[in-house]
Amino acid sequence: MKEITEFLRREAARLLSEGVELFIGYGAGTRPVSARPLFATKLEEVAELVFNPFCVHNLVKYLLRHADRKVAVVVKGCDRPAVDRLVAERHLDRGRITLVGIPCGGMLARERLLAELGPRLHIEAVEDRGSSFTLRFPGGEHTLEKKKYLMEKCLGCTRNNPAGVDVVIGKEVLPVADPEHDPFKEIREIEALPALERAAFWEKFFGRCLRCYACREVCPACSCTECAFEQAVPGWQQGATWVSKAKSLPDNYHYHLIRAFHVAGRCTGCAECERVCPVGIPLMLINRKLAAETTALFGEAMDDPCGALCAYSVADPDEFE
Amino acid sequence: MVLKLLSKERLLPFIERLMQKFLLVAPVREGNLTFYQPVKTAAEVAVDAPRSVVPPKEWFFPQTEEIYRYATGSGNLSLAGKVTAPPAVLFGVRPCDLRSFDVLDAVFLHEPADRYWAARRENTLLIGVSCNTACPECFCTAYGISPVKGTGADIHLTDIGTAYLAEALTPEGEEIVLSSPEFYEEKVAGIEEVLGAKEKALTEEFAVQVEIGDIPAKMARLFDHPYWEELSRRCLGCGICTYVCPTCHCFDITDENRGNAGWRLRCWDACLFRDYTLHTSGHNPRHALHQRLRNRFFHKLKYNQDRYGIEGCVGCGRCVALCPVNIDIREIIATIRRL
């Protein structure tokens, strides 16, 4: 991974000296086994860029804040589709963006790492061994089987070599998906529950929701400049809004289900929403379920950059007929 | 002050005795998260639970609170307001969160006092607990808080191995302790050394030793510094830091209406939200994210001290642990000292 980091820094320096005004990548975090978004505008800042299995963030949404500049952004396979979505919805000009694709050997699930190895890791280097990562620390090393330590989204990943990018950092890598992993197993288990138990499952999670809106803010599909949940509806003088500000079970349900439907057909499966949630709501169960539903109803959304639910065709399924 | 030893086997009976007279709000585990909630049985209490996601200030300042409700009809108006403040015990509060109640008292009890906060503070017995382990993000000692001292609690428990040291620190705490003498033994010698060693060991577990120095004065020169805009580049503008912070206290008042009836609510608000300073005219003094993020840190690290004479942060580390993009107040403090 050291070579990838060095290649990345060289390319970033080249791009910044060739007219790119802002390079968005990853830098080291202040906590063990973590990275964070890094914004480089000057050549000396590229020395802080890194790429490792802690680079979990989807950086694409930051492009919206810099739509008027020439920007380069690092994308993993799971980040890449969000670019097409935002370009198709006319938020971004593809001509101003340089996509720096990094073939990805998987991202490590931080909680599981910390639970296994303790909260005070000091990792000096990481090697990608194909089916495992080796983390080197002062005095030794840990080898972690990817099957057990990758993020859930990685276990089902079929797109870890980002395509349609302007620069590729490093060579193509082998798929990281675990063929035995079934991303719909938990969804089927929940669907099989009797209604009261299913309700209890979701009530436990939605009851915890803090309405911090981190899921919305991090999501590349949530690109509205004024969100429905911030809008006062006609009759605002009487205090009407689409969703109450109150943290209550009905209002929390309301927020999550509406957001899930706004995102349906447009979600690119980056799973950032679930990662950022401070109370562990399993949002990807809903998003994956809705993605499967839209595919079943409307076919593969990939062909239509606009997305299944943003276009109308007379041939669309119509259950009322 | 009364000092006793409470043996570990007597902790559950002690809690059960409290539950006979009070509503007990205590840390409970749900999966790998800790929440402060009213409990039905003493067995639910997780005394040594890791730091909660939402701080216990929520008991005094709930995320959503009804101020009043009204109904109109045939020319009449009915109005019902209430202050909910049942006699309660808030159990298992860590020293950082105990300090946060002092910070919030300065805000909420400042004349005119907030009746809701005041009533619940008045009716709640506080039982603190010393930390047994520190999270790497903790830095309470930077603010003169000790992870083994119960300043602000009525009773404070410290695990000293075989038993808990039980300190009754207020008349209310003493009354509770002395009313059940059968629970306790007299303290043995050497407690000071044990506490000192425990505090030292805990402080060593902090990943970063934060030095505050004179941050408020340093910040006075930094309002227009480009650092805030650079920091805000990765900020999502969500409310995680605000909603997990023990000292944050901003709220919004909204009215909700259903035809002839409605209610007024107070809800938590976050200064990082886009519409936090949005005027009805459409003008927004903090329209840019970097202005809002700057405001957060100025409030936390300077304004609170300037206005109330008490530091706005308690070093609990929640925001450091939970910010999705690693905006780290420890790093910000160190940067401010350097700039």
Side-chain angles (χ1 to χ4, degrees), chain A residues 22 24 27-32 34-39 41 56-57 59 61-62 65-66 111 114-115 118-122 204-205 207-208 210-219 225-227 230-232 235-241 244-248 251 272 275-280, chain B residues 30-33 35 53-54 62-66 133-137 205 207-208 230 232-244 252-259 262-270 272-275 278 280 289 318 320-328 330-331:
Chain A
L22 175 66
I24 308 176
T30 60
R31 298 176 300 158
S34 73
R36 66 192 188 189
L38 186 136
F39 297 78
T41 51
V56 297
H57 317 71
L59 302 173
K61 192 166 185 192
Y62 291 117
R65 301 186 195 181
H66 305 279
E111 291 308 312
L114 294 173
R120 287 172 187 83
L121 298 169
H122 180 62
K204 180 177 85 164
F205 288 113
R208 286 186 198 168
L210 302 180
R211 305 283 289 283
C212 67
Y213 299 116
C215 50
R216 173 188 72 181
E217 296 302 326
V218 83
C219 174
T225 46
E226 188 188 19
C227 173
E230 288 167 349
Q231 284 174 335
W236 64 267
Q237 296 92 336
Q238 282 94 50
T241 51
S244 171
K245 272 201 160 189
K247 178 202 168 180
S248 76
D251 295 304
E272 281 281 81
R275 175 185 73 84
V276 303
C277 177
V279 293
Chain B
E30 267 186 38
N32 60 351
L33 298 176
F35 295 99
V53 176
V54 178
Q63 181 158 5
T64 300
E65 172 150 41
E66 185 180 293
T133 51
C135 297
E137 308 89 9
E205 288 181 51
V208 176
E230 285 155 23
S232 74
R233 285 176 188 170
R234 64 182 186 271
C235 175
L236 300 178
C238 69
I240 290 180
C241 54
T242 307
Y243 287 0
V244 301
D252 194 11
I253 306 272
T254 57
D255 288 335
E256 299 189 358
N257 172 281
R258 301 282 183 274
W263 48 90
R264 172 164 287 184
L265 299 174
R266 167 165 75 180
C267 303
W268 287 358
D269 203 355
L272 292 152
F273 289 156
R274 238 168 261 117
D275 58 358
L278 180 63
T280 48
L289 182 58
R318 288 179 176 92
V320 177
L322 291 167
C323 174
V325 295
N326 192 203
I327 291 183
D328 184 335
R330 305 169 302 179
E331 186 184 21

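Hydrogens, waters and symmetry mates play no part in the numbers below; they use all other heavy atoms, side chains included. In what follows, chains carry the letters A, B, and so on, assigned in the order in which the sequence lines appear, proteins first and then strands, with residues in each chain numbered from 1.
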Trainee: To the nearest 0.5 Å, what is the distance between CZ (Phe39(A)) and CD (Glu230(B))?
Mentor: 11.5 Å
Trainee: Checking heavy atoms, do the side chain of Arg330(B), its backbone, both or neither come under 4.5 Å from chain A?
Mentor: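 Contact with chain A is through the side chain of Arg330(B) alone.
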Trainee: Checking Leu33(B) against chain A: side chain, backbone, both or neither under 4.5 Å from a heavy atom?
Mentor: side chain
Trainee: Against chain A, label Val325(B) side chain, backbone, both or neither, depending on which of its atoms sit under 4.5 Å from a heavy atom there.
Mentor: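 For Val325(B), heavy atoms of backbone and side chain both lie under 4.5 Å from chain A.
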Trainee: Could you give the distance from CD (Glu137(B)) to OG1 (Thr30(A)), rounded to the nearest 0.5 Å?
Mentor: 9.0 Å
Trainee: At a 4.5 Å cut-off on heavy atoms, which part of Cys241(B) comes close to chain A: side chain, backbone, both, or neither?
Mentor: neither
Trainee: Between Glu230(A) and Arg274(B) (salt bridge meaning N to carboxylate O under 4.0 Å), is one present in this structure?
Mentor: yes
Trainee: For Glu30(B), is it the side chain, the backbone, both or neither that has a heavy atom under 4.5 Å from a heavy atom of chain A?
Mentor: both
Trainee: Check each atom of Tyr213(A) against the heavy atoms of chain B and say whether the ones under 4.5 Å are side chain, backbone, both or neither.
Mentor: both
Trainee: Which heavy atom of Val53(B) sits nearest to which heavy atom of Pro278(A), and what is that distance?
Mentor: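 In terms of heavy atoms, the two residues are closest at CG1-O, 3.7 Å.
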Trainee: Check Asp252(B) against Lys245(A) and note the closest heavy-atom contact, atom names and distance.
Mentor: OD2-NZ, 2.7 Å
Trainee: Heavy-atom distances under 4.5 Å only: say whether Ser248(A) touches chain B with side chain, backbone, both or neither.
Mentor: neither
Trainee: Determine the option with the most heavy-atom pairs under 4.5 angstrom with chain A, choosing from Asp275(B), Asp328(B), Asn32(B).
Mentor: Asp328(B)
Trainee: Look up atom OH in Tyr243(B) and atom NZ in Lys247(A), then write down how far apart they are to the nearest 0.5 Å.
Mentor: 10.5 Å
Trainee: Out of Ile240(B), Leu265(B), Leu322(B), return the one with the most heavy atom pairs under 4.5 angstrom to chain A.
Mentor: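 Of the options given, most contacts go to Ile240(B).
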Trainee: With a 4.5 angstrom heavy-atom cut-off, which part of Glu205(B) approaches chain A: side chain, backbone, both or neither?
Mentor: both
Trainee: Rounded to the nearest 0.5 Å, how far does CZ of Arg211(A) lie from SG of Cys238(B)?
Mentor: 14.5 Å
Trainee: Check whether Asn326(B) gets within reach of chain A through its side chain, its backbone, both or neither, counting any heavy atom under 4.5 Å.
Mentor: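 Both backbone and side chain.
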Trainee: Given heavy-atom pairs under 4.5 angstrom as the criterion, report whether the side chain, backbone, both or neither of Leu278(B) touches chain A.
Mentor: neither
Trainee: Strictly distance-based, threshold 3.5 Å: is any side-chain N or O of Arg31(A) a donor or acceptor partner for the main-chain N or O of Ala321(B)?
Mentor: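 At least one qualifying donor-acceptor pair exists.
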Trainee: Under a 4.5 Å cutoff for heavy-atom pairs, which residue among Asp269(B), Leu272(B), Val320(B) has the most contacts with chain A?
Mentor: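 Option with the greatest count: Val320(B).
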Trainee: With chain B, which of His66(A), Glu272(A), Arg275(A), Arg208(A) has the greatest number of heavy-atom pairs at distances under 4.5 Å?
Mentor: Arg208(A)
